Amino acid sequence: MPLRPYQHAFTLVELSIVLVVIGLIVGGVLVGKDLIHAAEIRATISQIEGYQSAVNTFRTKYRFLPGDLPNAASYGLTPAPEYAGSCKGDGELNEYFCSNTTAANASGEIAAFWTQLSVDTHLINGAYIAANPFVVGETIPILKIGGGVVASRDGLGHNWYGTGVANIAGQTYTANPAAISPPDAFLIDKKMDDGQPNTGSVRISMIYNGGGNNMVSTPNAAYPSNCAWDGSAVNTPAAVYRVQNDFVACNLRFAFQ
């Protein structure tokens, strides 16, 4: 019988080495992604803190919040159009009841807020121009972690930065489906505040169209929240973040003033 030609094959040692190399490559990629994401979290926190510092500097110089400054034009700043200036200087970033335009959010105090901080005073990077309609990245900033960030007030007259904004048309905020995940929201909250979704200066925010475009912590039918819960069958933000749900989107709000 004819002899079979000599057949080459990998030894177990060689196969083991190949598997180890593949494992190292995959592990390196995953670690790299984690490092990049952690850097995005840190950059987002620094970004919000930078806005806080810029607002404090603006208020020290002009004695009012950006966008809420009476007689802004006399200082060479971009004014926010309002009904006879009735809302200027009240300490709140009012919109719906103060603007004299149909698309209130596109040219009211929250638009002038970013214009006065960037184009007018250069206290923050970028050039954000009050426009109708809003364009994320041109009218309001983009967070390092994704989505636009808007400055507005809640129903109690408290001012907040709100994350995850996709666009603003007329008097309606649209949430960005690619906003912050619950684990990331918890991490940001823990680093900046108390780690609780419904207390402190960092909280879960449901952005909705509700008379003045308030940012609240209670979901409604339009924007239910899977970001935090109270331990019951009812899906309402309360005690803890749903850190196991890394596939859903959250919005956070950061207190300022």
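This is a predicted model, so every value here is computed, not measured.
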By side chain to side chain donor-acceptor pair (under 3.5 Å) - contacts of Thr199 (at least two apart): Asp194

Looking only at heavy atoms, what is the nearest atom pair of Ala72 and Pro79, with distance? CB-CA, 4.0 Å

Starting at CD1 of Ile48, measure out to CD1 of Ile145 and round the result to the nearest 0.5 Å. 10.5 Å

Quick one: which of Trp160, Tyr128, Phe256 gives a ring pair (Phe, Tyr, Trp, His ring centres under 6.0 Å) with Phe113? Phe256

Suppose we screen for ring pair (Phe, Tyr, Trp, His ring centres under 6.0 Å). Which residues come up paired with Phe254, at least two apart in sequence or across chains? none

Quick one: CD on Gln52 to CE on Met192, what's the gap to the nearest 0.5 Å? 6.5 Å

Kindly give the cluster partners of Leu19, where membership spreads through any ILVMFWY side chain lying under 4.5 Å from a current member. none

Name all residues meeting the side chain to side chain donor-acceptor pair (under 3.5 Å) criterion together with Ser118; count only those two or more places apart in sequence or in a different chain, and write none if there are none. none

Pairs where residues 36-49 contributes a residue and the test side chain to side chain donor-acceptor pair (under 3.5 Å) is met, not counting sequence neighbours: His37-Glu40, His37-Asp184, Gln47-Tyr51

Classify the angle between the aromatic ring planes of Tyr62 and Tyr75 as parallel (below 30°), tilted (30 to 60°) or perpendicular (above 60°). perpendicular

The reported gap from CG in Asp189 to CG in Asn198 (rounded to nearest 0.5 angstrom) is 10.5 Å

Is Phe58 close to Leu77 at the side-chain level, that is, under 4.5 Å between some pair of heavy atoms? yes

Given side chains that start at C-beta, do those of Leu65 and Asn159 come closer than 4.5 Å, heavy atoms only? yes

Any side-chain to backbone donor/acceptor pair from Gln196 onto Arg203? Under 3.5 Å, distance only. no

Give a yes or no on whether the backbone of Gly67 and the side-chain of Gln116 come within a donor-acceptor separation of less than 3.5 Å. yes

Distance col, row Ile180:CD1 vs Tyr241:OH, nearest 0.5 angstrom, shows 9.0 Å

To the nearest 0.5 Å, atom CD1 of Ile188 lies from atom CD1 of Ile41 at 4.0 Å

Is there side-chain contact between Val149 and Ile140, with heavy atoms separated by less than 4.5 Å? no

List for me each residue that meets side chain to side chain donor-acceptor pair (under 3.5 Å) alongside Asn71, sequence neighbours excluded, and say none if there are none. none

Minimum side-chain heavy-atom gap Ile204-Leu252 below 4.5 Å: yes

Within this structure, what is the CD1-OG distance for the pair Ile124 and Ser53, rounded to the nearest 0.5 Å? 11.5 Å

What's the verdict on side-chain contact (heavy atoms from CB on, under 4.5 Å) for Val55 and Leu123, showing C-alpha distance, side-chain angles and the deciding distance? CA-CA 8 Å; Val55 168; Leu123 290 173; over 6 Å; no

